Structures are given as C-alpha cells and as structure tokens.
Amino acid sequence: RDQFVVTYDPSRLSEEDLVSTIKKAGFEARVVVDTGPESTSVSEDEDVELPKFFVEALAQAKRENKPLVLDFTAEWCQPCQRMLKETFPDPLVAPLLGRCIFLKIDTDKYPGIAKKYGVAALPDIRLLAPDGTEKRRLLDFRGPESFSEELKKLLGNSAEAQNQQAQDVSMLTALSEDAAALKTAFN
C-alpha cells in the first residue's frame with residue numbers, strides 16, 4: 001500500500017484515536033513527530049554508520065564533480081515502483097540520470113540513512129550537489145516530464161553541466177563553416 005502523511009491537531013484528537021481510525025480503514029499506522037522544517041534536513045549529529053556503498057558514492061560525486069540523486073524507496077511503495085518502471089528509464093530522464101551519481105536506497109534495508117535524512121514518507125528523492133549539500137527534496141510520484149525538469153535544474157548548476165555545455169559549443173563551432181558567428185552567439 002501507499003504511504004501517506006496525516007497532519008492533525010492534538011488538541012482536537014488523541015494520537016490513539018487517530019491511529020485507531022486509520023487502522024479501522026484498513027491501513028497500518030505509525031506516528032512520526034515533525035518538529036518543523038529542520039526535521040527534514042540531514043542530521044549531522046546522528047550517530048549513523050553509513051554503508052560502504054553510500055560513502056563511496058559521496059566520494060565519487062565529489063571526485064567526479066557530479067550531483068547525486070538519492071532515491072529513498074521500498075519494495076512495498078507502489079509510487080516508488082512506478083517511478084522505477086516509468087520515470088527513471090524514460091528517454092527524457094535516463095540520459096540526465098546518467099550524468100549524476102544515482103543511488104536507490106531501500107529504507108527497509110538501510111533505515112539509518114533514511115533516519116539521517118529525515119525520510120518520513122515515500123517516495124522521497126533528494127537532489128544533492130557534488131559536495132553532498134542538499135539542493136532539493138522531491139516527495140510523491142514524479143512523471144518523466146516533471147522529474148527531467150528537476151534534473152535539468154540540478155545539472156544546470158553543476159560544473160559538469162557547464163563543462164558539457166562548453167564541449168557541445170566547441171563541437172558545434174568545429175562543425176560549422178561560420179565558427180566565428182556561432183562562437184559569438186554562444187558566448
């Protein structure tokens with residue numbers, strides 16, 4: 001089943017009544033307390049041992065100056081599985097993901113990373129700069145058009161994207177009979 005978030009006023013409804021109502025509707029329930037915007041950021045003081053693959057991906061991103069895309073997912077999350085089948089392999093998205101370090105992180109297998117990043121609902125996708133700084137957080141299902149636009153924004157801010165653009169301009173000018181006019185147009 002899909003996971004969803006319910007915000008409620010504890011002065012009007014007890015936590016027990018809320019959980020009971022959700023369970024009567026046929027859903028599993030757990031309560032996560034949100035203390036505000038800071039609860040969704042990376043927790044520096046969490047004593048979480050990060051798995052080797054995650055540490056290596058962060059180092060690779062820094063070394064290659066590529067942004068990171070962290071896809072927090074789970075096997076039971078239907079919107080996550082839909083993105084896996086429809087969004088990520090789409091021709092609008094796949095080439096852009098190829099220019100990033102892309103990590104699928106199963107929150108059931110790696111709850112420590114999910115806790116460190118304050119993941120409360122799925123899908124949760126984090127777009128990080130090459131230095132690991134979070135640039136954007138995407139919640140809920142994203143189709144190819146929407147997700148590709150987010151990736152373009154992320155890549156547009158990276159040095160890798162600027163280098164790629166410079167290479168594209170160089171290739172175009174080399175192929176052109178009027179290279180000077182193209183250089184002026186692109187610079």
Side-chain angles (χ1 to χ4, degrees), residues 5 36-44 50-51 53-74 77 79-107 110 113-187:
V5 176
E38 65 276 0
S39 70
T40 62
S41 61
V42 177
S43 175
E44 295 296 335
L50 298 173
F53 77 89
F54 189 79
V55 174
E56 288 173 354
L58 290 173
Q60 179 184 0
K62 203 174 271 192
R63 185 176 60 251
E64 295 177 11
N65 200 28
K66 288 184 172 183
L68 290 108
V69 176
L70 306 180
D71 173 29
F72 290 98
T73 186
C77 171
C80 300
Q81 298 308 312
R82 207 171 136 209
M83 286 188 75
L84 183 64
K85 291 179 179 134
E86 295 174 22
T87 303
F88 301 146
D90 188 275
L92 290 173
V93 175
L96 297 171
L97 277 177
R99 294 169 49 198
C100 303
I101 305 298
F102 179 54
L103 286 180
K104 287 187 342 177
I105 302 167
D106 187 317
T107 58
Y110 300 101
I113 300 174
K115 183 178 180 185
K116 183 172 181 69
Y117 279 86
V119 174
L122 298 176
D124 185 327
I125 299 172
R126 305 299 173 95
L127 306 178
L128 282 59
D131 66 359
T133 306
E134 187 174 310
K135 295 297 182 184
R136 186 105 163 86
R137 180 180 187 182
L138 307 175
L139 300 173
D140 206 7
F141 174 82
R142 297 290 172 126
E145 295 80 17
S146 170
F147 193 66
S148 67
E149 288 305 314
E150 294 293 347
L151 289 176
K152 286 175 189 174
K153 289 178 200 171
L154 177 68
L155 287 163
N157 294 330
S158 74
E160 189 263 342
Q162 293 167 359
N163 290 340
Q164 183 66 45
Q165 184 178 15
Q167 289 174 0
D168 293 346
V169 170
S170 294
M171 183 180 74
L172 286 173
T173 56
L175 295 174
S176 172
E177 293 176 11
D178 194 11
L182 278 175
K183 258 187 195 171
T184 303
F186 282 102
N187 291 329

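Count residues from 1 along the sequence. The structure presented is a predicted model; accordingly, all values stated were derived computationally and were not measured.
- Remark: E149 pairs with K152 by the salt bridge (Lys or Arg N to Asp or Glu O under 4.0 Å) rule, at least two apart or across chains.
- Within the model, atoms CZ of R126 and CG of L70 stand 8.0 Å from one another, a figure rounded to the nearest 0.5 Å.
- Nearest heavy atoms, V93 versus P144: CG2-O, 3.5 Å.
- To the nearest 0.5 angstrom, I125 atom CD1 is 7.5 Å from C80 atom SG.
- Rounding to the nearest 0.5 Å places CG of D71 at 9.0 Å from CG of L122.
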Trace of the side-chain contact (heavy atoms from CB on, under 4.5 Å) decision for F54 with L68: CA-CA 11 Å; F54 189 79; L68 290 108; over 6 Å; no
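- When all heavy atoms of M83 and P89 are compared, the closest pair comes out as O-CD, 4.1 Å.
- Aromatic ring centroids of Y110 and F72 lie 6.0 Å or more apart.
- Every residue two or more places apart in sequence or in another chain that forms a side-chain hydrogen bond (donor to acceptor under 3.5 Å, both in side chains) with Q60 is listed here: E64.
- Atom CD of residue E150 and atom CG of residue L127 lie 6.5 Å apart, to the nearest 0.5 angstrom.
- Counting heavy atoms from C-beta outward, Y117 and I105 have side chains that stay 4.5 Å or more apart.
- Among residues two or more places apart in sequence or in another chain, the side-chain hydrogen bond (donor to acceptor under 3.5 Å, both in side chains) test is passed with E86 by R82.
- Every residue was checked against the ring-ring contact (aromatic ring centres under 6.0 Å, His included) condition with F141, not counting sequence neighbours, and none meets it.
- A donor-acceptor pair under 3.5 Å is formed between the side chain of Q81 and the backbone N or O of A74.
- Checked against L96 for a side-chain contact (heavy atoms from CB on, under 4.5 Å), the options D90, L154, L151 give a single hit: L151.
- For P79 against P123, the heavy-atom pair with the smallest separation is CB-CD, 3.7 Å.
- Put simply, CD on E56 and CZ on R63 are 9.0 Å apart, with the number rounded to the nearest 0.5 Å.
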Pair F147-V69, side-chain contact (heavy atoms from CB on, under 4.5 Å): steps then yes or no: CA-CA 11 Å; F147 193 66; V69 176; 4.2 Å; yes
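- Every side-chain hydrogen bond (donor to acceptor under 3.5 Å, both in side chains) that D131 has, sequence neighbours left out, goes to T133.
- The shortest non-hydrogen separation linking F53 to I113 is CZ-CD1, 4.2 Å.
- Scanning for side-chain contact (heavy atoms from CB on, under 4.5 Å) contacts around L139 gives D124, R137, with sequence neighbours left out.
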Audit row: K116, L50, side-chain contact (heavy atoms from CB on, under 4.5 Å) steps and yes/no: CA-CA 9 Å; K116 183 172 181 69; L50 298 173; 3.8 Å; yes
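- Under the 3.5 Å distance criterion, the side-chain polar atoms of T87 are matched with a main-chain donor or acceptor of R142.
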